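The figures that follow rest on heavy atoms only: side chains count, while hydrogens, waters and symmetry mates do not. From a predicted model like this one, the values you see are computed outputs, not experimental measurements. Lettering of chains follows the sequences in order, A, B, ..., and the numbering in each one begins at 1.
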There are 2 protein chains.
Amino acid sequence: MARRKEFDPEERMEKARDLFWEKGYNATSMEDLVQTMGLNRGSIYDTYGDKHSLYLQCLGNYAAEKLREHKEAALGTSPIEKVENMILSVVEATVNTGKCCMAVNSTFELATVDQSVHSIINNNWKDIVNFFEQLLTDAKKVGEISQDKDPRLLAEFIAANFTGLWQTYILSRDKKQVEKLAQFLIDMIKH
Amino acid sequence: MARRKEFDPEERMEKARDLFWEKGYNATSMEDLVQTMGLNRGSIYDTYGDKHSLYLQCLGNYAAEKLREHKEAALGTSPIEKVENMILSVVEATVNTGKCCMAVNSTFELATVDQSVHSIINNNWKDIVNFFEQLLTDAKKVGEISQDKDPRLLAEFIAANFTGLWQTYILSRDKKQVEKLAQFLIDMIKH
DNA sequence: AATATTTTGGAACAAACGTTCTGAATAGTA
DNA sequence: TACTATTCAGAACGTTTGTTCCAAAATATT
């Protein structure tokens, strides 16, 4: 049999993911990746395929982790409280790390021209919207939101607003500003 | 004296702008620009400077034109009607051209790492928010929106929602979907 | 211990990148 | 008409790009 890998593919991929996340796809060179991942070029190609393939894996990894985090953030005794905490946790993560959503970055850089990227992000987006929809349906049943609201539409509205929050944060770099907008969104949902 | 330029610098810059708009900054090569602008490399460098400088001029041009368009779209007999028409015109322009906002694309591709880009977009963003704020202040005075609303915050919320609409459009490519979200936003403002 | 299979590090590749340079063409001024 | 400043077209520049290749090192099985 053969020699074993000296590194953990998952762990190194996350290093690549963080670099793509920070710089974007096109601005990240293979040389950057070699340095950041601490791997040889050959090892990268053997393990992950070419740059584009590696990127897709990073994006998929990110999307899966993000969905998990969203669900973990859905804490609370009532559905609407869960929704609220999800929104607050997105804001908190953004201002704490200073980073926005990799999938959203990717949407605007690549999704219009790259079908594979579009597919990964779109599926992730749908998963998140579906999760919100479920919670909002519950909230409606319990009477926490008004009966004339459409849970699906409201879920899509919330998800779309995340992107707005990130845009606002990139431009203002103002924690308070983003928190105010998020709170406004939450108030809007409740009434 | 010397030979005169055989082309209109403004007109050719708009060709470059449209290409950057479509492909993004990093994915657009100088060769692409030479082809699309129909100019010699030397002429481009002489007239606009290097690639980055050309991009900044394109982005500035875009921002100015976009602000003008926003103001032109503010038709109506009452302030809130103007706001409504501005929102609807953004949706209409998006689904008609199939293109999103260049400044938003640029925010997510470059604004986090490029101070000049950040500055151009941020100023444009502020101009748009200020314009909304003025209209909403008027609307509040006239009693078209409730007295407990903060015009500034509402203006920022609307602007942020544009980004959400564009993200939604890129992923869904669904005209109806975006229109529904926009209408939801409008209803929210009014109530 | 020998074998077989895979990883590793780094050299090497052609192509594409952004940019500069050169000489010929052009046209307003003297 | 001669002069001069500028544009034009395209070759050429040195880097950087993404990718491939190769010999040496490594290890689980035979």
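- Look at CD1 on B/I44: it is 11 Å from P on D/dA9, rounded to the nearest Å.
- The distance between atom CE of B/M37 and atom P of D/dC8, rounded to the nearest whole Å, is 12 Å.
- Distance CG (B/D46) to C1' (D/dC8): 9 Å, rounded to an integer number of Å.
- Applying the ring-ring contact (aromatic ring centres under 6.0 Å, His included) criterion to A/Y169, with sequence neighbours excluded, gives no partner residue.
- Across the protein-nucleic acid pair, B/F7 atom CZ and D/dT6 atom P stand 14 Å apart, rounded to whole Å.
- Residue pairs meeting the ring-ring contact (aromatic ring centres under 6.0 Å, His included) criterion with at least one member in residues 71-97 of chain B: none, sequence neighbours excluded.
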Sequence neighbours left out, cut at 3.5 Å: what donor-acceptor pairs do the side chains of residues 95-104 of chain B make with other protein atoms?
| from | atom 1 | to | atom 2 | distance (Å) |
| --- | --- | --- | --- | --- |
| B/N96 | ND2 | B/E92 | O | 3.4 |
| B/T97 | OG1 | B/A93 | O | 2.7 |
| B/T97 | OG1 | B/K99 | N | 3.1 |

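- Among residues at least two apart or in separate chains, ring-ring contact (aromatic ring centres under 6.0 Å, His included) pairs with a member in residues 89-121 of chain B are A/F108-B/F108.
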B/M37/B/T47 under side chain to side chain contact (heavy atoms under 4.5 Å, CB included): CA gap, chis, key distance, verdict: CA-CA 12 Å; B/M37 299 173 82; B/T47 310; over 6 Å; no

Please list every donor-acceptor pair under 3.5 Å in which a side-chain atom of residues 128-138 of chain A meets a protein atom from a residue at least two apart or in another chain.
| from | atom 1 | to | atom 2 | distance (Å) |
| --- | --- | --- | --- | --- |
| A/N130 | OD1 | A/R152 | NH1 | 2.6 |
| A/N130 | ND2 | A/K126 | O | 3.2 |
| A/E133 | OE1 | A/R152 | NH1 | 2.7 |
| A/Q134 | NE2 | A/D138 | OD1 | 3.3 |
| A/T137 | OG1 | A/E133 | O | 2.7 |

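- Residue pairs meeting the ring-ring contact (aromatic ring centres under 6.0 Å, His included) criterion with at least one member in residues 172-191 of chain A, sequence neighbours excluded: A/F184-B/F157.
- Residues from residues 9-17 of chain B placing a heavy atom under 4.0 Å of any atom in DNA chain C do not occur.
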Base versus backbone protein contacts along nucleotides 11-21 of chain C [heavy-atom cut-off under 4.0 Å; B, S, -]: B-----SBBB-

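- Residues from residues 106-116 of chain A placing a heavy atom under 4.0 Å of any atom in DNA chain C do not occur.
- Partners of B/S119 according to the side chain to side chain donor-acceptor pair (under 3.5 Å) rule, which considers only residues two or more places apart in sequence or in another chain, do not exist here.
- The list of ring-ring contact (aromatic ring centres under 6.0 Å, His included) pairs with a residue in residues 75-103 of chain A, not counting sequence neighbours, is empty.
- Note on residues 23-46 of chain A: pairs passing salt bridge (charged side-chain N to carboxylate O under 4.0 Å, His left out), not counting sequence neighbours, are A/K23-A/D32, A/E31-A/R41.
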